[in-house]
Amino acid sequence: MTPEEVGEFVESLPQVKRKGTAALPAWYVHDRLVARLLDPTTLLIRVPLGKRDSLLATYPTSFGVPPRFEAHHKVEAYLDRAEPTAIRTAVELAWDMQRP
C-alpha cells in the first residue's frame, strides 16, 4: 500500500481525524492514536497487545516490533512489502481499540 492508500482507508473509518504534517500524517480517534506514518514506507499502528502476536504470526513479512515498542501496543507495518489485507486488519484493530 502507498501512504495515500493508507490515508484513504483510515480516513474512511468513522470518527477518525487526520493530524500531523502533510509528509508524516497521523490518524486519531478521540485524540487517541490509531496510526502514524514514520517515513514513506513505515507505518506505526497501535494494536491491542493480545492481538499483536497473531498479526505477526499471520503476516510475518508485513509487520515488525522493534525493541523500543515491545512493551507498547504498537507494530510497525512495512508498506513496501505488506499485504494490503494485513494493513487494513491492523488499522481496524487499532481503530476499534481507540473508540469509547
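Every value quoted in this text rests on a predicted model; they were computed, and no experiment measured them.
Side chain of Arg52 to backbone of His73: no donor-acceptor contact under 3.5 angstrom is found.
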With a cut-off of 3.5 Å and sequence neighbours excluded, list every side-chain donor-acceptor pair involving residues 77-87.
from  : atom 1 : to    : atom 2 : distance (Å)
Tyr78 : OH     : Glu76 : OE1    : 3.2
Arg81 : NE     : Thr61 : O      : 3.0

Donor-acceptor pairs under 3.5 Å, side chain of residues 36-46 to any protein atom, not counting sequence neighbours: which ones?
from  : atom 1 : to    : atom 2 : distance (Å)
Asp39 : OD1    : Thr41 : N      : 2.8
Asp39 : OD1    : Thr41 : OG1    : 3.1
Asp39 : OD1    : Thr42 : N      : 2.9
Asp39 : OD1    : Thr42 : OG1    : 3.1
Asp39 : OD2    : Thr42 : OG1    : 3.2

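Contacts of Arg88 classified as side chain to side chain donor-acceptor pair (under 3.5 Å), with partners at least two apart in sequence or in another chain: none.
Side-chain heavy atoms closer than 4.5 Å link hydrophobic residues (I, L, V, M, F, W, Y) into clusters, and following such links, possibly through other members, connects Val75 to Leu13. Linking Ile, Leu, Val, Met, Phe, Trp and Tyr whenever their side-chain heavy atoms come within less than 4.5 Å puts Phe69 and Leu33 in one cluster.
Among all heavy-atom pairs drawn from Tyr28 and Asp31, the shortest one is CD2-C, 3.7 Å. Across all non-hydrogen atoms, the minimal contact from Ala90 to Phe63 is CB-CZ, 3.7 Å. In terms of heavy-atom proximity, Met97 sits nearest to Val47 at SD-C, 3.7 Å.
Atom NE2 in His72 sits 9.5 Å away from atom CG in Leu49 (nearest 0.5 Å). Note that CH2 of Trp95 is 9.0 Å distant from CZ of Phe9, once rounded to the nearest 0.5 Å. With rounding to the nearest 0.5 Å, the separation of CH2 in Trp27 from NZ in Lys19 is 13.5 Å. Atom CD in Gln98 sits 10.0 Å away from atom NE2 in His30 (nearest 0.5 Å).
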